[in-house]
Amino acid sequence: MRLSFCTIAVSALTLITLSTLATAAEVRVLSVGSTQIAAKAIAAEFEKQSGHKVIFTIRPPFSIDKELAEKTFDAVILSVPAMDNHDEAGDLAPMSRAALARVGVGMVVQEGGLVPDVSTPEKLKATVLAARSLTYIDPAIPNTSGAIAGAALAKLGILDEVKNKTRHAALAVGGELVAKGEVELGFFNLSEIPKGVTVAGALPDPLQGYTVYEAAVLSKGSMAEAVTAFVKYLASAAAAVHWSGAKLEPAATYVRTRASQ
């Protein structure tokens, strides 16, 4: 009798395990790099709670369209203007967009060097004019820190004045230039500060701009419940601590985007 009971218990446990494995799903997510630290931490919690697996592909904003055209994903994390374009093109499942977080731009200097005061537009202007060189991403690339930095310099009225000492470079290259002291100042998203540099401060409020991020279910990917559940979890109250920890502002703390109203 005892043997039979053990046999039944083992069989039941096996059935439960097989059932769990059968319902577990893979969620394939295409994301821009500036959200990856928080998104991966949130995904780890989601995996523990749900048993599903989240697989990320991280690409820069200018490579997202190419990646979507060549491969199949279930969900995407993008800035709002880019998300608007994909929504209008019918790439997103209806009503699946969720506001996640936003990030502003900060100015950095070489680690260990003098850290200037850039707390006001006037002080930032004086610092940039006095610097021998500066770097940020090409402002012609939309939805990037470079576009925000370029707009800030234009508002200060010094964009043309500093053009000859400005080097447009991608994040990794620009960060290395500042870290090595080859360029004096850099402007980057506060969620993507490279190693070897120190944040002097965020752009002052009158000059600050934000990149706002959303997640959505893709219409050509899996329509499994796990996909929708993960997108919702990214925007949940439980996820807010991870967005804040990665230097992004959770959506609940600011005026929400059109898609989340």
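Quantities reported herein were computed from a predicted structural model and do not represent experimental measurements. Values below: all heavy atoms of this structure, side chains included; hydrogens, waters and symmetry mates excluded.
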Please say yes or no: joined through hydrophobic side-chain contacts below 4.5 Å, possibly via intermediate residues, are [X] and [Y] part of one cluster?
| X | Y | result |
| --- | --- | --- |
| Met107 | Val183 | no |
| Val178 | Ile148 | no |
| Tyr213 | Phe73 | yes |
| Val212 | Val231 | no |

Assess the side chains of Tyr136 and Thr144: does a donor N or O sit below 3.5 Å from an acceptor N or O?
no
Are a donor atom and an acceptor atom from the side chains of Glu249 and Thr253 found within less than 3.5 Å of each other?
yes
When clusters are formed from ILVMFWY side-chain contacts under 4.5 Å, directly or step by step, what else is grouped with Met95?
none
Salt-bridged, Arg97 to Asp84, with N to O below 4.0 Å?
yes
Is it true that Glu26 and Lys53 make a salt bridge, defined as a side-chain N closer than 4.0 Å to a carboxylate O?
no
Count the heavy atoms belonging to other residues, nucleotides or ligands that lie under 6.0 Å from CD1 of Ile37, then report whether that count exceeds 12.
no
Is it true that atom CD of Glu45 has more than 12 heavy atoms of other residues, nucleotides or ligands lying nearer than 6.0 Å?
yes
Geometric cation-pi criterion Arg102 and Tyr254, 6.0 Å radius, 45° cone:
yes
Tell me, do Val105 and Asn189 make a side-chain contact under 4.5 Å, heavy atoms counted?
yes
Determine the interplanar angle of the Tyr233 and Phe46 rings, folded into 0 to 90°, and report it as parallel if under 30°, tilted if 30 to 60°, perpendicular if over 60°.
tilted
